[in-house]
Undergrad: 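Before anything else, here's the structure in question.
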Amino acid sequence: MSDKVLYEVIDGVGVITLNRPEVHNALDDEAAHLYKDLLDRALDDDGVRAVLLQGAGKSFCSGRDTSMLGHRARDESDYHFVLRHQQKRLAVMDSPKPFIAALKGAALGGGCETALSCDIRIADTTLKMALPEIHYGILPDTGGTQLMTTLIGPSRTKYMVMTGDRINAETALAWGAVDFVVAPEELEARALDLARKIAAKPPIALAMAKTMIDQIHAGAVRSGIAQELLAQTALFKTEDYQEARTALREKRTPAYKGK
């Protein structure tokens, strides 16, 4: 089995570690598929009471590997490509098991959305969080616009989505995008301790707590994610998206035409 994503169980905590540190844990098709398999494994294991998501090396996850932009390994439609990735995000949100994200370095694009789908986010001071899809002529499509809005509000989410700018750990904490910030040398232990503490609680009560608290936004978030699916499917067909991909390959500034 590939070692691009690692998995172990520690005291009732399923620990999933993205393991492509040389590319800041960007996900290619193989890594994304393995992540889904290990996610299912953690969800199906009755011995796992909570799940911790983390990244090896300097970053959490820099999103989809940019070398694979536009690539469809299964020869699937853009619609089904986005839907498949949305289903991974919804699996985390709908799971009765609490999810904790340990964030550091880059948490960008799909990596940021992965973190947002978790129940609690703990970061270290190196964190740089962004939804940079606008730079490629597209938008977040696995919950970014919806989940970020529930955490930091519409105006700040518009800033992040419309500029693609990164925010640091201090800003992310002040805005509510993360819940705790610790020193880099403390992150791994603090995140695991928090996950262990939660995993030790009664699992049915944990599941009910997650469900009740999420109900305040559940319907609106899912409706919005469905809109993300439709918007992204359309954006993949625009000339501006093709221009963004070409400019990325040619290492130049894209010239958008609004087409």
Undergrad: Could you verify whether a donor N or O on one side chain and an acceptor N or O on the other, from N19 and T17, lie under 3.5 Å apart?
TA: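 Short answer, no.
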
Undergrad: Measure the OG1-CD distance between T125 and E186 for me, rounded to the nearest 0.5 Å.
TA: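 The CD atom of E186 is 9.5 Å from OG1 of T125, to the nearest 0.5 Å.
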
Undergrad: Measure from the side-chain N and O atoms of E113 to the backbone N and O of G144, and report whether any donor-acceptor pair falls under 3.5 Å.
TA: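 Side chain of E113 to backbone of G144: a pair is present.
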
Undergrad: Donor-acceptor pair, distance only, cut-off 3.5 Å: does the side chain of D124 make one with the backbone of A183?
TA: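 Absent.
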
Undergrad: Is any side-chain N of the basic residue among K4 and E30 closer than 4.0 Å to the acidic one's carboxylate O?
TA: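 Yes.
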
Undergrad: Keeping the roles fixed (side chain from E228, backbone from T145), state whether a donor-acceptor pair exists under 3.5 Å.
TA: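 Looks like yes, one N/O pair under 3.5 Å.
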
Undergrad: If I compare all heavy atoms of G14 with all of V48, which pair ends up nearest, and what's the gap?
TA: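 In this case the closest contact between G14 and V48 is N-CG1, 3.6 Å.
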
Undergrad: Is there a donor-acceptor pair under 3.5 Å between the side chain of Q232 and the backbone N or O of L139?
TA: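 Yes, because the side chain of Q232 sits within donor-acceptor range (under 3.5 Å) of the backbone of L139.
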
Undergrad: Is a side-chain donor or acceptor of R49 paired with a backbone partner of I198 at a separation under 3.5 angstrom?
TA: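 Absent.
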
Undergrad: Using side-chain heavy atoms (C-beta onward) and a distance below 4.5 Å, is H24 in contact with L108?
TA: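 SC-SC contact between H24 and L108 ruled out.
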
Undergrad: Distance check, rounded to the nearest 0.5 Å: D65 atom CG versus N25 atom CG?
TA: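 If I round to the nearest 0.5 Å, the distance is 11.0 Å.
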
Undergrad: Just verifying a value: how many Å separate M148 CE and M160 CE, rounded to the nearest 0.5 Å?
TA: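 With rounding to 0.5 Å, CE (M148) is 4.0 Å from CE (M160).
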
Undergrad: Does Y7 OH have over 12 foreign heavy atoms under 6.0 Å away?
TA: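 Atom OH in Y7 is crowded, with more than 12 foreign heavy atoms closer than 6.0 Å.
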
Undergrad: Looking only at side chains, do K36 and H33 share a donor and an acceptor under 3.5 Å apart?
TA: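 Absent: no donor and acceptor within the cut-off.
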
Undergrad: Answer yes or no: is there a donor N or O on one side and an acceptor on the other, between the side chain of D179 and the main chain of I122, under 3.5 Å?
TA: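 Judged by distance alone, no pair lies under 3.5 Å.
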
Undergrad: Quick check against the 3.5 Å criterion: does E243 have a side-chain atom that pairs as donor or acceptor with the backbone of A255?
TA: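 Flag set: sc E243 to bb A255 pair under 3.5 Å.
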
Undergrad: So does D193 pair up with R196, basic N to acidic O under 4.0 Å?
TA: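 The answer is yes: the pair qualifies as a salt bridge.
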
Undergrad: Over all heavy atoms of both residues, which pair between G164 and A130 is shortest? Give the atoms and the distance, please.
TA: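 Distance-wise, the nearest heavy atoms are O-CB, 3.9 Å.
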
Undergrad: Atom CD of residue position E170 - does it have more than 12 heavy atoms of other residues, nucleotides or ligands inside 6.0 Å?
TA: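 Counting neighbours around CD of E170, 12 or fewer heavy atoms of other residues, nucleotides or ligands fall under 6.0 Å, so no.
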
Undergrad: Okay, side chain of T150, backbone of L147: is any donor-acceptor separation there less than 3.5 Å?
TA: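 Yes, T150 side chain to L147 backbone: donor-acceptor pair under 3.5 Å.
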
Undergrad: Spell out, as yes or no, whether a donor-acceptor pair under 3.5 Å connects the side chain of Q146 to the backbone of R222.
TA: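 Side chain of Q146 to backbone of R222, a donor-acceptor pair under 3.5 Å: no, none is there.
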
Undergrad: With a 4.0 Å cut-off, would you call E239 and K257 a salt bridge?
TA: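 No, this pair does not count.
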
Undergrad: Can a donor-acceptor pair be found, under 3.5 Å and without considering hydrogens, that links the side chain of K210 to the backbone of S95?
TA: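 Yes: the side chain of K210 pairs with the backbone of S95.
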
Undergrad: Considering all heavy atoms of both residues, which atom of A56 and which atom of P21 are nearest to each other, and what is their separation?
TA: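 Of all heavy-atom pairs spanning A56 and P21, the closest is O-CB, 3.8 Å.
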
Undergrad: What closest approach, in Å, do Q86 and D141 show between heavy atoms, and which atom pair accounts for it?
TA: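 Answer, listing the atom of Q86 first, then D141: NE2-O, 2.8 Å.
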
Undergrad: What heavy-atom pair brings V5 and A31 nearest, and what distance separates the two atoms?
TA: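 Taking V5 first and A31 second, the nearest heavy atoms are CG2-O, 3.6 Å.
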
Undergrad: If I take atom CG from residue N168 and atom OG1 from residue T171, how far apart are they, to the nearest 0.5 angstrom?
TA: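 Here the rounded value is 4.0 Å.
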
Undergrad: Looking only at heavy atoms, what is the nearest atom pair of C61 and L18, with distance?
TA: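 For C61 and L18, the tightest heavy-atom pair comes out as CB-CD1, 3.6 Å.
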
Undergrad: Give a yes or no on whether a salt bridge exists between D29 and R64, defined as a side-chain N under 4.0 angstrom from a carboxylate O.
TA: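 Judged by the 4.0 Å cut-off on N to carboxylate O distance, D29 and R64 do form a salt bridge.
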
Undergrad: How about W175 and L151: do any of their side-chain heavy atoms sit closer than 4.5 Å?
TA: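 No; the side chains remain at least 4.5 Å from each other.
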
